[in-house]
There are 2 protein chains.
Amino acid sequence: MVQQGGRDASVVDVAAAAGVSLGTVSNVLNRPDRVSPATRAKVQAAMQELGFVRNESARQLRAGHSRVIGYVMLDVSNPFFTDVAGGIDRATADSDLSLFLCTSDNDPRREAAYLRNLQQQRVQGILLTPVDASSSLLDEIARHTPLVIVDRTRDDDSFCSAAADDVAGGRLAVEHLVERGHTRIAFVGGPSSIGQVRDRHQGAREAFRDAGLPDDGLVAITTPGLTFADGREAGERLAGLSERRRPTAAFCANDLVALGLLQHMTEIGRRVPEDLAIVGFDDIDFAAAAAVPLTSVRQPRGSLGRAAAELLLDEATNPAHRHQQITFTPDLVARRSTQN
Amino acid sequence: MVQQGGRDASVVDVAAAAGVSLGTVSNVLNRPDRVSPATRAKVQAAMQELGFVRNESARQLRAGHSRVIGYVMLDVSNPFFTDVAGGIDRATADSDLSLFLCTSDNDPRREAAYLRNLQQQRVQGILLTPVDASSSLLDEIARHTPLVIVDRTRDDDSFCSAAADDVAGGRLAVEHLVERGHTRIAFVGGPSSIGQVRDRHQGAREAFRDAGLPDDGLVAITTPGLTFADGREAGERLAGLSERRRPTAAFCANDLVALGLLQHMTEIGRRVPEDLAIVGFDDIDFAAAAAVPLTSVRQPRGSLGRAAAELLLDEATNPAHRHQQITFTPDLVARRSTQN
DNA sequence: GCTCGTAAGTGAAACCTTTCAATACGTCAG
DNA sequence: CTGACGTATTGAAAGGTTTCACTTACGAGC
């Protein structure tokens, strides 16, 4: 911080140094074509000299809004979400908006803090993968700030959203396992406060019933979160079950959990898929590269982000905007973890 | 956006609605204890009624700075960086600062845009994993905004930084391979504009020479980036070499590249480590879960983020702050990808 | 009854930028 | 030579919050 003593230089200081009015300085900044080349050069020299840095707060205050959009995601360390973020990023690249990423880490309080913070910053809009899509906080935020829900939906159509059909995805996974002859299947994931988890479980249940199998054949192994470590820990619990009750296949609520489970199984000498077939969800890049390449329900991650960003941009700029719910249909990528 | 017609409610509107002065409203917001309970309740009711949302821009304008810190990272989709971000996050959790994440995607222009944007927002400080640590832009930014370099260093001590010793890491990797009898080793990574790549390569070269091996035994396979896909593509190039010239081991500049390479090898029927031993860098969680568990140079990812954040906090708040360069020493985690 | 102290509340000024109506100054057509 | 027009520049107002020196009200102490 070289700027010892006095505060940073402002347009007023620049104007004084260049011997012009502050209106002219502003013109150099915002409409350089309206300023004669000579004056422009003089002003730019003064800016350089004083180390002038535009004050975005003042600019925003005047403009009424900032040139930022925020994406509040559930978990930065899940590659699924960073791939979604990549899609958002590409969609916003040629607007002059900056994208700020925030991670709620599945904590509703942190999510709320970020949402309020972004709203108070008067961001152009917010993309959100909510911990709980039904929270009334979302309505409250959306009263003032365009808000698009990513990778989730709400029953009503009060929001734009871009999401994959998680129930359908859950069905796909279990149908695949049932086709391969499994009749005792574990659903591994949690907590059930996460909508994705509920829907995927729901789909699993539906497919299980439709196959005419008894309800108690689908065992829920509830985890505290959806991380790698949670998957490993679920593996311990699965391994601890008596052989009679032990499932022959596991459908995991996401790939991280599936990979953790897979790793634990390998470590304790169980074979995948012979001893336990595994299906994941999301089809992150690492799924295909796993110890046993992982069968997974693929979501179009980038497209999902892109679609969400486009909805947000429309909502933020188009007065005739109407809310829209875009649903992507997932598909199943079969790999070795289920091919016995 | 319920707020049809008029602009958002401001403190003035709240004051009018509650029948108090705007100073009192501000007191309710910032020093509630100085306001009588009755008045406080009245004001809060008015805020509720009008849907008042504090305007952070105006607040910042007054305060001179925001309550945000930014981390500009090289690549969100690399789990190494999100793990670092996790460490930063934990370190800042109990300050009242919010952390905004930005991804430069290895593009100096995007990096510059984010840096300037954060600076113009008058953020409290910036954490940066730079594309090019020697860029003079960093000096320019640091003239006004506290800036800490993460996972990189500069020769001079003009910045705080927290980094692992990449040269040492590179040495570790190659020493490990040499110990296992390899004398033709590929260094896979790029572009060399990335400092990490240069340093790791440098370390590899040093270890190779120290082992008394001829320089041309260390083959550089330069990739355009450090992604999964770059690793696969490098695999094709490696496989295309004549048997005589083909290395028996590869040291990859990061785990993503290593995993891509590993996947390609497996696909074309080459065995790891028998046909090609592989060492990665970073030891991300997925390294241990890979098709062939990956030997990797471990960096303390979380600690690195935490240390960087603490340096930044100190620089931002402590007038007696002195720049400090913290270096972590990496270690090698040997797994199956090098055990033949 | 008067002064003093404290607590509660007030309101103007400051923060910095952008906008826009107004001004100044040439130039050109008539 | 005048009037009209266009270009370059000006300066004041607005935007919402916080701060701080100030006023008011009220009860305690003498």
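Fair warning: this is a prediction, and the values are worked out from it, not measured in the lab. Just so it is clear: chains get the letters A, B, ... in the order the sequence lines come, proteins before strands, and each one is counted from 1.
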Nearest-nucleotide 5' precedence on DNA chain C, A:R54 against B:G23: B:G23
Among C:dT19, C:dT17, D:dT9, the nucleotide that comes nearest once only the side chain of A:T39 is considered: D:dT9
Reference residue A:T145; test side chain to side chain contact (heavy atoms under 4.5 Å, CB included); the match among A:Q120, A:Q121, A:E315, A:Q119: A:Q119
Gap between atoms CG and C1', on A:N55 and C:dA14 respectively (whole Å): 13 Å
Nearest heavy-atom neighbours spanning A:N117 and B:F100: OD1-CZ, 4.4 Å
From C:dT18, C:dT17, C:dT10, nucleotide with atom closest to A:L29 side chain: C:dT18
Any B:R122 side-chain nitrogen or oxygen under 4.0 Å from OP1 or OP2 of C:dC16: no
Closest heavy-atom pair and its distance - A:R152, A:G195: NH1-CA, 2.9 Å
Proximity to DNA chain C (any heavy atom under 4.0 Å), residues of residues 60-69 of chain B only: B:L61, B:R62
Sugar-phosphate only, base, or nothing, as touched by B:S10 at under 4.0 Å among non-hydrogen atoms: sugar-phosphate
Sugar-phosphate, base or nothing in reach of B:S26, heavy atoms under 4.0 Å: base
Sugar-phosphate only, base, or nothing, as touched by A:R31 at under 4.0 Å among non-hydrogen atoms: sugar-phosphate
Touch class at under 4.0 angstrom, heavy-atom based, for A:N27 against every strand present: base
From CG (B:N27) to CG (B:D33), nearest 0.5 Å: 9.0 Å
Chi angles and distances behind the side-chain hydrogen bond (donor to acceptor under 3.5 Å, both in side chains) call for B:T39, B:S36: CA-CA 5 Å; B:T39 312; B:S36 74; 2.7 Å; yes
Pair A:T103-A:Y114, side-chain donor/acceptor within less than 3.5 Å: no
Touch class at under 4.0 angstrom, heavy-atom based, for B:V35 against every strand present: sugar-phosphate
First of A:L22 and A:R34 reached from the 5' end of DNA chain D, by closest nucleotide: A:R34
Note: A:R143-A:E140 ion pair, threshold 4.0 Å (strictly below): no
side-chain N/O A:S21 vs D:dT10 OP1/OP2, d < 4.0 Å: yes
Step-by-step side-chain hydrogen bond (donor to acceptor under 3.5 Å, both in side chains) determination, A:Q325 to A:D157: CA-CA 7 Å; A:Q325 290 75 38; A:D157 52 0; 5.6 Å; no
Neighbour count above 12 (heavy atom, 6.0 Å) for B:R31 CZ: yes
Bending between helix ends of the helix from C:dG1-D:dC30 to C:dG30-D:dC1 [5 pairs per end, 10° resolution]: 50°
Flag if over 12 foreign heavy atoms under 6.0 Å of CG, A:D156: yes
Side chain of B:R59 (C-beta onward), nearest among C:dT18, C:dC16, D:dT17: D:dT17
Atom pair distance, as rounded to whole Å: CD in A:E56 and C1' in C:dC16: 12 Å
Sugar-phosphate, base or nothing in reach of B:S36, heavy atoms under 4.0 Å: sugar-phosphate
